[in-house]
Every structure is written in structure tokens, then in C-alpha cells.
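So you know, we letter chains A, B, ... as the sequences are listed, proteins then strands, and number each from 1.
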2 protein chains.
Amino acid sequence: MTPQSVETGADEPMSKMRLRLWLKLLKASNLIEDQIRRRLREDFQTTLPRFDVMSALARSPEGLKMSQISDMLRVSNGNVTGIVDRLTDEGLALRVAVPGDRRASQVRLTAKGKRTFAEQAAAHETWIDDMLDRLDADDVEGMIRRLDYLNDTLEEND
Amino acid sequence: MTPQSVETGADEPMSKMRLRLWLKLLKASNLIEDQIRRRLREDFQTTLPRFDVMSALARSPEGLKMSQISDMLRVSNGNVTGIVDRLTDEGLALRVAVPGDRRASQVRLTAKGKRTFAEQAAAHETWIDDMLDRLDADDVEGMIRRLDYLNDTLEEND
DNA sequence: GGGTTTTACTTCAAGCTTAAACATTATATA
DNA sequence: TATATAATGTTTAAGCTTGAAGTAAAACCC
């Protein structure tokens with residue numbers, strides 16, 4: 001038993017509470033994510049992985065290497081290969097040679113990609129705002145604070 | 001602008017706060033879920049979808065119909081078909097005919113399936129407990145309360 | 001009863017995801 | 001310089017996921 005698990009003096013309920021918390025966190029995350037996927041599909045004929053890659057690229061006009069994208073998104077590099085392939089097929093992204101390193105390539109949004117993503121990002125923000133509409137400033141602040149703390153501890157022991 | 005979005009008298013920051021909250025919620029959810037997937041694979045040579053289906057079945061000894069499983073897990077029915085097929089191939093679950101309805105089948109865990117899931121569920125609970133270890137009772141309670149509220153509002157406008 | 005609609009489930013095509021295996025290029029080291 | 005090791009990406013096999021289309025059976029309705 002770790003020191004932190006004895007605050008209440010009763011380990012069993014605390015352990016169950018944590019499990020319940022996880023299930024509720026997962027449920028919220030899935031409910032929101034499913035909405036976003038559905039709207040990206042219906043309104044923009046695209047997918048969340050494509051949106052995520054474009055979002056990363058939009059923040060780096062000079063482009064990103066494949067490995068940088070997979071690091072930022074915490075997905076495998078083989079995964080990014082396929083997504084960038086499809087974005088490229090659709091004329092939304094392109095691979096640029098990296099001078100001095102023939103293994104790597106820099107991925108960038110095309111002009112069309114930038115326009116497309118700007119639209120999607122604006123819609124995305126309003127979707128989130130609508131879904132979290134009923135949380136007041138205190139709720140949002142309280143949750144952000146605790147999630148920051150949780151994420152820090154989760155990343156320590158990655 | 002909805003009535004709820006004006007509590008602070010400043011819409012712009014609140015909208016950005018909500019977006020930040022979503023990104024942090026998603027991050028926490030993904031960090032935890034990735035750990036669980038990894039451990040299920042490494043320790044038990046199984047996957048999260050299989051674990052989820054077995055978890056639903058474990059709570060219903062009399063069995064569940066395919067459509068009940070997909071409702072509980074919020075996934076498509078075609079998806080459940082494949083997962084139950086694989087569980088069946090491995091001798092962990094089986095389909096039983098439903099008397100009076102030849103379209104449907106009742107899915108149950110086998111004895112082997114029950115034993116296997118019991119082991120996995122026990123490990124799962126300790127993984128969660130370890131990952132959320134640094135949250136104290138107040139944190140857990142505060143987050144559960146807000147997530148309950150959020151989930152209620154999200155399910156209303158599904 | 002006969003026809004329509006609904007329900008239960010499976011199949012399919014496309015895309016996402018991973019780990020592992022692979023190819024290629026760059027870097028370090030002897 | 002030669003060799004070993006690292007890093008960068010792609011490919012592959014297996015599984016998950018969806019929506020749409022399809023099959024079959026049950027329920028409804030006239």
C-alpha cells in the first residue's frame with residue numbers, strides 16, 4: 001500500500017472511488033469524442049486522426065517531420081505514414097525533402113490544407129463550447145486544475 | 001450566444017477555457033487508456049475491446065444478446081460480432097440460441113472465460129488505483145461530481 | 001392470411017491503430 | 001576508413017471501428 005492510499009484510513013472504498021472516477025472520465029471523453037468524430041464526418045467528410053494531424057501541422061508553418069508528428073500525437077510512426085499519405089492524396093498536405101537528411105521529410109499543409117483546417121478548427125471550437133456549455137467557470141477551473149495534476153503524475157511514470 | 005455562456009461576462013476566455021478543459025480531459029483519458037491497453041496486451045495477451053465485452057458479460061451470468069452488448073458499450077453491432085467471434089474462437093465465450101427468437105443469440109462467458117476475466121479484472125483495478133494514486137479523496141469526489149453533471153448534460157443532447 | 005415494417009445480426013469496404021520487421025541513411029567509434 | 005549503432009520512415013499482419021448493405025426472422029396491420 002502506498003502512502004497516498006491511506007488518507008481516508010480505508011483503502012477499499014478509495015480504490016473503488018478511483019475506479020468509478022476512471023469510468024466516468026472515460027465516459028465523458030468518449031461521449032465528447034464521438035460527437036466530434038460524427039460532426040467531422042457529417043460536416044466535413046473527414047476524420048479525427050486527420051484533423052489531429054492537420055492541427056499539429058497548422059501550428060508549425062515550416063512543417064514537421066513524421067517522427068515529430070507521431071511524438072506530438074502519441075501514435076506510432078507507421079500510423080502517421082498512412083494518415084499523411086491520405087492527406088497528401090487529397091491535396092491537403094505535402095512532403096518536402098529535408099536538406100542534409102535523405103531519410104526524413106518535412107510535412108506541410110498546402111494552401112488548400114490551411115484553408116480547410118481553419119474552417120474545421122473554428123467549427124470544432126464551437127462544438128466543444130456547446131458541449132461544455134453547462135459547466136460554469138468554477139467547474140472548468142476545478143477540473144483543469146485536477147486534470148493538470150493528474151496528467152503530470154501520469155506522465156512521470158509513463 | 002447561449003444564456004449559460006455569459007456567466008463571466010466575457011465569452012471569449014470562457015470558450016477557450018472549455019477547449020483547454022477538453023484537451024486535458026482527452027489527454028488524461030488517453031494516457032490512462034494506453035496504459036491499460038499495454039498491460040492487457042503484455043500481461044494477458046488480450047485487448048481492451050475484448051476486456052470490455054467480457055466485463056459486460058461477467059455482470060450478466062444469464063448472458064446478453066448481441067444488441068444489448070453494443071448498447072452497453074456504445075459501439076456498432078457489426079463491431080460486437082467480430083469481437084464475440086474471436087472470444088468464441090478462444091473458448092472464452094459462446095453463443096446460445098434464444099428460445100422463441102431465431103434471429104437472436106444469447107452470449108455467455110464460458111467457465112474458462114469467467115476465470116480469465118476474474119484475473120484480468122482484479123489486475124485492472126489495481127492498475128487504476130496505482131495510476132490515480134496521487135489524487136486524494138477531495139479530488140476524486142470533486143471530479144466525480146462534475147463528471148456526473150457533465151455526462152448527464154452530454155447524454156441529454158446525444 | 002398476406003404484405004409491410006421492424007428487429008437482430010452479419011458482412012463488407014474503408015480507415016485507424018499497433019508492434020514487428022524491414023530498408024535506408026546518418027552518426028559514432030575504432 | 002570500416003564497422004557498428006542510431007535514427008527515420010515504410011510496410012505488413014492482425015485487430016478494432018464505423019456506416020451501409022444485406023439476410024433472416026419476428027411483429028404489425030389490414
Under 4.0 Å between a Lys/Arg side-chain N and an Asp/Glu carboxylate O for A:Arg37 and A:Glu33? yes

B:Asn30 CG to C:dT17 P, in whole Å, measures 10 Å

A:Gln120 and A:Thr46: side-chain donor and acceptor closer than 3.5 Å? no

Tell me whether A:Ile69 shares a hydrophobic cluster with A:Val98, the cluster being built from Ile, Leu, Val, Met, Phe, Trp, Tyr side chains joined at under 4.5 Å. no

DNA chain D: A:Arg41 or B:Pro49, which has the more 5' nearest nucleotide? B:Pro49

Under 3.5 Å on both distances, the Watson-Crick or G-U partner of C:dT25: none

On DNA chain C, nearest-nucleotide positions of A:Asn79 versus A:Gly100: which is more 5'? A:Asn79

If I take atom CG in residue A:Leu48 and atom P in nucleotide C:dC16, what distance separates them, rounded to the nearest angstrom? 10 Å

Can you name the closest pair of heavy atoms from A:Asp133 and B:Arg18 and give their distance? O-NH2, 3.2 Å

Using a heavy-atom cut-off of 4.0 Å across all strands, would you classify A:Ser76 as base, sugar-phosphate, or nothing? base

Can you tell me the pairing partner of D:dA6 across any strand shown, Watson-Crick or G-U wobble, with both distances under 3.5 angstrom? none

Write down the distance between CG (B:Leu73) and C1' (C:dC9), rounded to a whole number of angstrom. 17 Å

I'd like to know if A:Asp34 pairs up with B:Arg74 as an ion pair, taking the criterion as any Lys NZ or Arg NE/NH1/NH2 lying under 4.0 Å from an Asp or Glu carboxylate oxygen. no

Applying a 4.0 Å non-hydrogen cut-off, can you work out what B:Val75 is touching in the nucleic acid: base, sugar-phosphate, or nothing? sugar-phosphate

What's touching nucleotides 1-8 of chain C from the protein side, N or O pairs under 3.5 Å?
| from | atom 1 | to | atom 2 | distance (Å) |
| --- | --- | --- | --- | --- |
| C:dT7 | O2 | B:Arg103 | NH1 | 2.5 |

What integer distance in Å separates A:Asp85:CG from C:dC16:C1'? 13 Å

Which part of the nucleic acid does A:Arg37 contact within heavy-atom distance under 4.0 Å: base, sugar-phosphate only, or nothing? nothing

Mind checking whether A:Lys16 and B:Glu125 have side chains closer than 4.5 Å, heavy atoms only? yes

With heavy atoms under 4.0 Å as the rule, sort A:Ile83 into base, sugar-phosphate or nothing. sugar-phosphate

Is the distance between the ring centroids of A:Phe51 and A:Phe117 under 6.0 Å? yes

Opening and closing nucleotides of DNA chain D in contact with chain A, under 4.0 Å to non-hydrogen atoms: D:dA7 to D:dG19

Anti or syn, where syn is a glycosidic angle within 90° of 0; which label fits D:dA6? syn

A:Ser60 side chain to A:Leu57 backbone, donor-acceptor under 3.5 Å: no

Whole angstrom is fine here: how far is it from CD in A:Gln45 over to C1' in C:dA14? 15 Å

Hey, are the side chains of A:Met72 and A:Leu64 touching, using non-hydrogen atoms and a 4.5 Å cut-off? yes

